[in-house]
Amino acid sequence: MGATAVKRARYIWIPLLALLIAIPAGFYYVHWSQQGEGAGFYSRLWSPEAIFAYWAPDDFYDSVQSVEGRFEGPACVSCHSAITPGIVNDWRASRHARAETPVYCSDCHGDDHRRLHMPTPRVCGECHATQHGQFLDERRFGFPSHALALERALDANHFVDKPKAEVTACLQCHSVAAKCDSCHTRHRFAAAEARRPEACITCHSGPPHPDVESYFASAHGQIYLAEGAEWDWSKPLREGNYRAPTCAYCHMHQGQHQVADKPIWKFGIKQVNPLTSANRVRRKRWLEVCDDCHDEALARDALVGLDRERKRAWEKLYAAEAELRSLREENLFHPAAGSRPPYPNDWLDRLWPRARIGFFEGQASAFYNVSPIERDYFEMWYFDNLSAYKGAAHGDAERVQAAHARLDADLKAIRARADRLREQARREQAAGIVAPDPSSLWLNGEYTEFNREHN
Amino acid sequence: MNHAANHQVIRLTRGLPATLLLCGISLFGMMAVSAAEPPDGALSEEACRTCHAGRDEALVDAWRESAHGGTPAVAGCSACHGSDHAHVGVRARQDDACIDCHGGPKAPVVHSYATSKHGLILRLEQSEWDWRRPLRDAAYRSPGCAYCHLHDSEHDVGRSVRSDPMGPDRGGTVADHLRGVCQECHAPRYVTRLFDNGEKMLETGRMKVREARRLLEEAAHRYDASTLAEGRALLATMQRHLRNVRLGVGHQSPDYQWWHGQPALDGDLLRLKGMLGALERERRLPRTPTAERR
């Protein structure tokens, strides 16, 4: 009896011991992985460009060394009105300059010219604690969100892989997590500016997120375009202050800085069940926003309409994914997964090469180093699907219709390409050709080789 | 920026005696200029050039040598300045003077600027700005087309434009010219790093185009021109994507650098490779009447 008990105890103490070793080792590994020249989880696999100092200042900012000494605010202003007059003009027109005790350059950048720092949200938060607290709180709603935008970008497969000068393009928008001036442009930092939809356009436009295009085409946007210039933008984003909502009115209701705090459909990038208990709470919160102007029934219908649009879009997307999965099973991608340049961070891919199909397999990085039919699906998913979603979410019916017509055409084109691939494979098989890919094509070439060597 | 701030620069950099001398010359010049009466009513191109050839010879020459000049002129004085002498400056300094000829609001060259932070600040605030001020010394909160491309009355627009994204920057002269413009608002080191990075970003785009071009050149030895027509069309599209990267870098538009630029280049490069790969596989097959191209 006693011997069995001792034996049984093994089932407890062995896992316990393993856990005691594994947990600290895991923490250490994460810490170690972040100690490289780059930043994020794969920091040891890449080196930053000098410009990263300005997009990810917490990781890379280095102060200029050309001027020495400590300077009080008025001295900064005096010298910089000659060196960079634009900055000083802007600051003079800001509330910072006109406050009873002005907020000077040195209050945000430091006063030692060889140890200057970029005012990250933490620095702004020293005075604007409420907004900064809300901004950080957005993290708990997950990604996509402003607060997680930078770290998720730095850890993306394609960011780690591609030449850093090329992916600087990503950081200009994803740095929103590190820069309050993404929306409140420097050095005026006006709340009034950020309340207007123009503040969002630079990042929220273009193929995968035509937010601004769909908003301006909607009834809300049309009212803004006709009358917005005359509205009093110093008023807070509350019921009764604006005749039509702007981006911030709905997404930052009452000025709160958790922008993505009620994301039911997650940007349209994956299929969700819109009626989970958490999503029911979010739906209720959306209704509260719409309720500022609209009857609840109308708002409810809009949400249901969006559910239906998403279902329709995902039927088409899943049909295309099924086609791709079947090609993967038949080993019909050219190049095959093993014949493509692998991502430097992806050892699993080297052991077990596998094409990435669908959101959960890492589709977001599958826009290069893939075969044409996979790229076709990437564009279907990321451009046309998201265009349909944004159109539906912002009330641009024409866009929804056009995007769904494109989704239909995409599906048809993918099926036609799949048929051609199968037909060619059938004839190759009949001719007894075993390894049909001309391998040098996909691994060689000026950019392809540069990309492999410059992470 | 205003007159007083110019004085600040002079005072800081030259000292009092030199400042007094400069002010004296400046005042005398202003009086001499204002002595000549501006003409009333609508003006002909000929009238502008006759009068201004004597007053701003270098300016007229610069315009004549620029892409706007030539005989007959591509864009004469009135194309940008209008023909009402009272508002010539105010009209030409605003973006509306450029947009129609440059393809309208949806043309990439206009749209890439319009969606940048510069473009959006201008869109929100331009109605409140005093457009009588000259295009220099950060006189405007955000630069419009003319602020950078006709900075301080520089009428040779080519000094600030790199028209060929594949070509070099004429010995760095465009970057050098623009560096001074950007530094009126941005820190010198930031501008330098931004320019260097932009050049490198553009170079990665060029590599993709060169890789595609090389593949097509090699393929031309094996296939006839009609077989490669689709490939040549892809290369032409890639050149447009590369132009978008250039516009994105120049106008600081993330969307043009990225979604209209780099990944678009990636997509067409891999489609070209896919096409050539399929052709190659086809070549190895025993001849059949229904050969598939892709």
Side-chain angles (χ1 to χ4, degrees), chain A residues 49-51 53-54 64 66 79 81-87 89-90 93 162-163 165-166 168-170 172-173 185 188 193 196 198-199 201-203 205-208 229 334-335 367-372 375 379 417 420 423-424 427-428 431 433 436-438 441-442 445-448 450-451, chain B residues 1 5 8-9 12-13 115-117 120-121 123-124 127 137-138 141 183-187 189-190 193-194 196-197 200-201 203-204 207-208 210-211 214-215 248 252-255 257-263 266-267 269-271 273-278 280-282 284-286 288 292 294:
Chain A
E49 289 288 339
I51 192 69
Y54 300 96
V64 280
S66 49
C79 209
S81 10
I83 295 164
T84 49
I87 293 176
N89 287 351
D90 244 20
K162 275 181 166 285
E166 184 182 337
T168 304
C170 313
Q172 287 173 61
C173 286
T185 57
R188 198 171 292 181
E193 181 185 285
R196 303 188 66 166
E198 280 82 356
I201 291 182
T202 305
C203 296
S205 60
H334 299 286
F367 60 87
Y368 69 113
N369 289 358
V370 293
S371 68
R375 168 75 190 209
E379 290 183 17
R417 209 195 264 276
R420 290 200 298 273
E423 168 62 17
Q424 198 172 27
R427 289 190 293 124
E428 275 168 348
I433 298 172
D437 265 325
L441 189 63
W442 295 94
E446 186 179 347
Y447 174 77
T448 305
F450 182 85
N451 187 23
Chain B
M1 173 122 65
Q8 169 87 335
V9 178
L12 279 167
T13 53
T115 51
S116 73
K117 278 290 172 192
L120 294 162
I121 292 171
R123 178 154 135 194
L124 289 179
S127 64
D137 305 325
R141 184 170 178 234
Q183 285 181 10
E184 288 174 355
C185 295
H186 297 289
R189 191 184 65 160
Y190 172 66
R193 288 186 178 182
L194 210 52
D196 291 349
N197 200 81
K200 280 170 135 177
M201 185 190 293
E203 181 58 17
T204 60
M207 285 181 198
K208 295 175 192 178
R210 287 198 295 262
E211 183 168 330
R214 183 88 193 272
L215 285 168
Q252 285 299 294
S253 158
D255 254 347
Q257 290 171 14
W258 193 245
W259 292 115
H260 300 296
Q262 300 286 5
D266 290 330
L269 179 58
L270 71 85
R271 285 192 176 105
K273 288 189 172 186
M275 191 207 95
L276 294 173
E280 184 65 26
R281 289 164 52 206
E282 198 61 45
R284 293 191 215 155
L285 278 173
T288 58
E292 282 284 336
R294 292 167 66 183

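All values reported here derive from a predicted model rather than from experimental measurement. Reminder, nothing fancy here: chain letters follow the sequence lines and each chain counts from 1.
Test B:L124, B:L120, B:I121 against A:T185 for side chain to side chain contact (heavy atoms under 4.5 Å, CB included) and you get one pass: B:I121. Checked against A:E166 for a side chain to side chain contact (heavy atoms under 4.5 Å, CB included), the options B:K208, B:E203, B:M207, B:Q257 give a single hit: B:K208.
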> Does the side chain to side chain donor-acceptor pair (under 3.5 Å) test come out yes or no for B:R271 and A:S371, once each step is laid out?
Replying inline: CA-CA 8 Å; B:R271 285 192 176 105; A:S371 68; over 6 Å; no
> Is there a side chain to side chain donor-acceptor pair (under 3.5 Å) between A:T448 and B:E211 once you walk through the steps?
Replying inline: CA-CA 8 Å; A:T448 305; B:E211 183 168 330; 2.6 Å; yes
> Checking salt bridge (charged side-chain N to carboxylate O under 4.0 Å, His left out) for the pair B:R141/A:E193: CA distance, chi angles, key distance, verdict?
Replying inline: CA-CA 13 Å; B:R141 184 170 178 234; A:E193 181 185 285; 3.1 Å; yes
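With respect to B:R281 and A:E428, a salt bridge is recorded, a charged nitrogen being found less than 4.0 Å from a carboxylate O. For the pair B:R193 and A:E49, the salt-bridge criterion is not met [side-chain N within less than 4.0 Å of a carboxylate O].
When heavy atoms are compared at a cutoff of 4.5 Å, A:R375 approaches chain B by way of both its backbone and its side chain. In this structure, the portion of A:P208 lying under 4.5 Å from any heavy atom of chain B is its side chain and not its backbone.
Considering all non-hydrogen atoms of both residues, B:D266 and A:F367 come closest at OD2-CE1, 3.7 Å.
Between chain A and the options B:N197, B:L215, B:L276, B:L269, the largest number of non-hydrogen pairs under 4.5 Å is found for B:N197.
Of the possible polar contacts, one joining the B:D255 side chain to the A:G206 backbone as a donor-acceptor pair under 3.5 Å is found.
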